[in-house]
Visitor: 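Following this message is one structure expressed as structure tokens.
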Amino acid sequence: MSNYARLPLTFDHGQGAWLWDTQGKRYLDGVSGIAVCGLGHAHPAVTEAITDQAGRLLHTSNLYGIAAQENLARRLCAVSEMEAAFFCNSGAEANEAAIKLARLYGHGRGISSPTIIVMENSFHGRTMATLTATGNRKVQAGFEPLLGGFTRVPYNDIAALETVAANNRDVVAVLLEPAQGEGGVRIPDVGHLAGVRRICDANGWLMMLDEVQTGMGRSGQWFAWQHEDARPDVMALAKALGNGVPVGACLAQGEAARVFGPGSHGSTFGGNPLACRAALAVIDVIEGEDLCERAAILGQRMLDGLRERLAPLPGVTDVRGKGLMLGIELQSDCTSLVTEAIDAGLLINVTAGNVIRLLPPLIISNEEADLIVDGVAALVERFVEFTVAEHA
Ligand code: PLP
């Protein structure tokens, strides 16, 4: 089906932060498969874990105990300060689990029409519930009727949440990204997540964070909420959790951890031994190589470099980032830069039309980080020179 507007490029293999196409040309990866391959490509620890597991057992189902799943739940709960895990296969499914959990939590409190507060410009996935939660009409258009039970507020706006609290007795949860990825690398004010936590506590709402893109070290902490110690009740994970092997998780703590009972939710593939071994290897490497700290240091290095080169330019609105999630906002649509970057042997992404988004692997060297900064800066310099001249 033609649901993807694919670039005319096919890769054959990868190593670390580099990919080779089927013609043998080499590219530096500033996208990581959209924040998935945090450990880069062909990481030996992941390769070893999945080849070992493939030789033993791929799948038995959740009818039976799965040791790797139990291990992974323990390891994830340890790094996330959560208490329980449900495993699935994607980010949308992790959010879907969170949405179902919030509704069940509401019904348990006698709220027959539970409502979840969601954000403008958010992205939570492409299933019916998650595209309803998503704050982007392009994702929703044509798929109406959307689901009920959601109310939307501007992102990074505590006053808007307080207004809903004063007027809507059906609210059971708030769902937000700790930094918006697809929406244009939007980073909330320092203290915003702590503010959301306070409002949730005051109203008995679940604070549910979609860490699908920000999680697993990318922001410079294991999870982005740890920058301000705003521990959520529910957290959705996927993407980098398996470094390319599909695995997602919905984690919870406190009352939220006890909402689901046998039969309330499930997934045939969720938490299978192969996916869990991959995720366990990912956690080992992030821990063993201090990749959260590395992401923070490298992210700052890249942000400084990009700001120095690009912030003064006319046509560049903002250069921002959180760890290795970086955004360069331009005044005009810059999707054409993706193919120009490909010609230059560099993979970048453009989101929201005018925001260059960089999501390099956490394992890149300083030299590779500088190469990405140089490559992107050169592209943007040429682009704004051209577009500013065109508008003059
Ligand atoms: N949530 C966020 C924040 C995302 O960035 C994405 C994907 O880009 C998703 C959810 C959906 O994840 P998936 O494509 O694995 O369903």
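Since the model is a prediction, treat every value here as computed from it, not as a measurement. Counting starts at 1 for both ligands and their atoms, in listed order.
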Visitor: When you compare the side chain of Val153 with that of Leu161, does any pair of heavy atoms fall below 4.5 Å?
Guide: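 Side-chain contact under 4.5 Å: yes.
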Visitor: In ligand 1, which numbered atoms sit nearer than 4.0 Å to a non-hydrogen atom of His124?
Guide: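 With His124 as reference, the close atoms of ligand 1 come out as 1 (N), 10 (C).
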Visitor: Please tell me whether His124 and Asp210 have a donor and an acceptor in their side chains that are separated by less than 3.5 angstrom.
Guide: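 Present: a donor and an acceptor within the cut-off.
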Visitor: side-chain hydrogen bond (donor to acceptor under 3.5 Å, both in side chains) with Ser219: which of Glu211, His227, Lys322?
Guide: His227
Visitor: Applying a heavy-atom cut-off of 4.0 Å, say which part of Glu177 lies close to ligand 1: side chain, backbone, both or neither.
Guide: side chain
Visitor: For ligand 1, does Arg126 get within less than 4.0 Å through its side chain, its backbone, both, or neither, judged by non-hydrogen atoms?
Guide: neither
Visitor: List every atom of ligand 1 that sits less than 4.0 Å from any heavy atom of Gln213, numbering the atoms from 1 in the order shown and giving each element.
Guide: 5 (O)
Visitor: Does an N or O from Ala238, backbone or side chain, lie closer than 3.5 Å to an N or O of ligand 1?
Guide: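 No: no nitrogen or oxygen of Ala238 is under 3.5 Å from one in ligand 1.
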Visitor: Looking at Asp233 and Arg197, is there a salt bridge between them, counting it only when a charged N and a carboxylate O are closer than 4.0 Å?
Guide: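 Yes.
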Visitor: Considering the heavy atoms of Phe123, write down every atom of ligand 1 situated less than 4.0 Å from one of them.
Guide: 1 (N), 2 (C), 3 (C), 4 (C), 6 (C), 7 (C), 8 (O), 9 (C), 11 (C)
Visitor: Within the 4.0 Å heavy-atom shell around Ala92, which atoms of ligand 1 are there?
Guide: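 Ligand 1 atoms under the 4.0 Å threshold to Ala92: 11 (C), 12 (O), 13 (P), 16 (O).
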Visitor: Going by atom types only, do Glu368 and Trp18 share a side-chain donor-acceptor pair under 3.5 Å?
Guide: yes
Visitor: For ligand 1, indicate whether the residue Lys239 contacts it via side chain, backbone, both or neither (heavy-atom separation under 4.0 Å).
Guide: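 The side chain, only.
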Visitor: Just checking, is any N or O donor in the side chain of Asn354 or Ser332 under 3.5 Å from an acceptor N or O on the other one?
Guide: no
Visitor: Is it the case that the side chains of Arg277 and Gln69 hold a donor-acceptor pair, with the cut-off being a distance below 3.5 Å and no angle test?
Guide: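 No, no side-chain donor-acceptor pair sits under 3.5 Å.
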Visitor: Would you call Arg137-Glu144 a salt bridge at under 4.0 Å N-O?
Guide: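 Answer for the salt bridge query: yes.
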Visitor: Do me a favour and list the nearest non-hydrogen protein atom to atom 12 (O) of ligand 1 with residue, atom name and distance?
Guide: Gly91 CA, 3.3 Å
Visitor: Under a 4.0 angstrom heavy-atom cut-off, which atoms of ligand 1 come close to Asn95?
Guide: 1 (N), 10 (C)
Visitor: Would you say that more than 12 heavy atoms from the other residues, nucleotides or ligands in this model lie under 6.0 Å from the CD of Glu293, or not?
Guide: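 Atom CD in Glu293 is not packed in, count stays at 12 or less.
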Visitor: State whether any protein heavy atom lies less than 4.0 Å from atom 14 (O) of ligand 1.
Guide: no
Visitor: Pick one: which of Leu337, Leu330, Thr335 meets side chain to side chain contact (heavy atoms under 4.5 Å, CB included) with Asp333?
Guide: Thr335
Visitor: Under 4.0 Å, counting heavy atoms only: does Asp210 come that close to any atom of ligand 1?
Guide: yes
Visitor: Below 3.5 Å, N or O to N or O, backbone or side chain included: is there any such pair between Ile34 and ligand 1?
Guide: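 No, since none of the N or O atoms of Ile34 sits under 3.5 Å from an N or O of ligand 1.
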Visitor: Judged by non-hydrogen atoms, does Glu211 sit under 4.0 Å from ligand 1?
Guide: no
Visitor: Hey, which atoms in ligand 1 end up nearer than 4.0 Å to a heavy atom of Ser90?
Guide: 15 (O), 16 (O)
